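A quick write-up on the structure given underneath.
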Amino acid sequence: MAEKTEIIVNGKQTQVLTTWTVDDLILDLELEGRQVAVELNGQIISRDRWSDQTLGSGDRIEIVHFVGGGEEEKCLMI
Amino acid sequence: MTDRYSRQILFSAIGEAGQKRIKASKVVLVGCGALGTVSSEMLTRAGIGKLTLIDRDFVEESNLQRQSLFTEKDAHQGLPKAAVAERKLRAINSDVEVEGVIEDVTWENIDRLCRDSDLIVDGTDNFETRFLINDFAVKKEVPWIYGACVGSYGVAFAFQANRSACLQCLFEQPTDVGTTETCDTAGILAPIVHVIAAFQVAQSLKLLVGEYPPQEILQIDVWTGTWQTITAEKARNQQCRCCGKHQFHFLEGQEHKRLTRLCGRNAVQISPPRPTRSDFQKISKRLDKSAQIDLNEYLLKIRVDGYEIVLFTDGRSIIRGTDDFTEARALYAKYIGN
């Protein structure tokens with residue numbers, strides 16, 4: 001059983017498992033396949049690093065969802 | 001009217017010199033819907049030299065809640081947005097050369113439409129066009145200002161070719177909006193449109209007077225009253241296909257789709273394989289008995305069997321009443337031809 005830890009996602013305290021990567025967080029937020037940019041502690045993490053980048057206690061994550069626009073897309077707010 | 005720009009000139013970062021640069025500038029706005037109507041009005045009032053606004057669509061009643069240049073009469077007449085906006089903007093500021101273009105921006109016409117621009121402002125509603133703009137902007141070293149809103153949420157960023165990260169550094173390819181269950185109508189509020197357009201125009205003016213906007217991506221929700229910026233300063237990818245390797249797949253037409261689902265509107269747009277001109281008179285004569293025809297100088301509207309087919313002079317058509325490609329293609333073949 002993996003341990004839990006707390007990180008901050010877009011300013012909100014969020015519990016994740018210590019084994020989680022950025023990819024797992026994106027999956028959990030149901031943002032997979034969306035145009036999202038992820039910043040970890042002040043630096044954007046490129047898409048190809050999401051599956052390797054694990055999350056640690058106190059990490060600050062900012063997620064920006066680039067939407068298409070108009071009435072066309074349901075936006076997943078986080 | 002020497003007083004016209006006095007308040008803008010008093011703003012020290014612009015001044016007389018900045019106003020001259022603004023006056024000498026050429027801006028292209030791609031898409032003249034919610035964001036486009038708001039930003040085009042601000043750019044026109046600011047006194048840019050030339051504004052080219054390109055839009056593929058026509059005014060409808062459901063636009064009026066947020067698309068600030070349009071009136072009920074425009075919607076009732078079903079006029080093209082680019083033509084209406086051109087007329088309104090010229091009346092607002094006759095100093096500005098305003099040109100409305102009723103076309104869909106594609107890899108085939110982007111060079112003709114954007115060639116002389118100092119800046120491109122994004123008023124589109126889809127990523128395929130944005131990736132195309134990004135390719136063009138990187139290749140020609142022209143900045144472009146992304147902006148988009150859904151619901152009460154909006155995002156904006158000033159992409160500065162070969163200086164900041166480009167769209168393809170952040171995302172390898174467009175998500176296929178409209179092909180999944182995500183295509184629900186979330187609606188859109190006018191206030192977020194104005195916030196995002198305001199950001200886009202402020203960054204545009206900054207670029208036009210020769211300053212660099214911050215490399216910060218803004219996201220904001222006007223309903224919850226929350227916003228964040230994230231820095232894109234280190235997001236530039238040396239291996240990026242577009243700005244790193246200069247492979248412009250969108251500009252070369254490799255990613256071009258002839259059929260586009262205008263999602264949320266139950267409509268499909270069909271583009272001709274090559275630029276063409278529709279013969280409105282001939283088509284309306286042929287369908288006169290079987291369909292209800294509306295014709296104006298910009299478009300031909302055919303109502304038949306519960307569907308609406310709108311033909312534009314550039315050969316494009318929008319089929320309303322279906323979001324199914326096969327059905328749309330069949331309707332087009334039946335009434336317009338192959």
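Letters go in sequence order (proteins before strands), and every chain restarts at 1. Predicted model, so just to flag it, every value in this text is computed and none were measured.
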statement: CD of A/E62 to CD1 of B/I217, rounded to nearest 0.5 Å, is 11.0 Å
task: Please flag which part of B/A34 lies under 4.5 Å from any non-hydrogen atom of chain A: side chain, backbone, both or neither.
output: neither
- request: Give a yes or no on this: more than 12 heavy atoms of other residues, nucleotides or ligands lie within 6.0 Å of atom CD of A/E6.
  value: yes
task: Answer whether the closest heavy-atom distance between the side chains of A/N10 and B/Q228 falls below 4.5 Å.
output: yes
message: Using 0.5 Å steps for rounding, measure from the CG atom of B/L170 to the CD atom of A/Q35.
response: 9.5 Å
- prompt: With side chains defined as the heavy atoms from C-beta onward, is the minimum distance between B/T231 and A/E39 less than 4.5 Å?
  reply: yes
message: Are A/F66 and B/Y146 an aromatic pair, judged by ring center distance below 6.0 Å?
response: yes
message: For B/E172, is the CD atom crowded, meaning more than 12 foreign heavy atoms sit under 6.0 Å from it?
response: no
query: Looking only at heavy atoms, which two atoms of B/R130 and A/V67 are closest? And how far apart?
result: NH1-O, 3.8 Å
query: Is a side-chain donor or acceptor of B/Q219 paired with a backbone partner of A/I63 at a separation under 3.5 angstrom?
result: yes
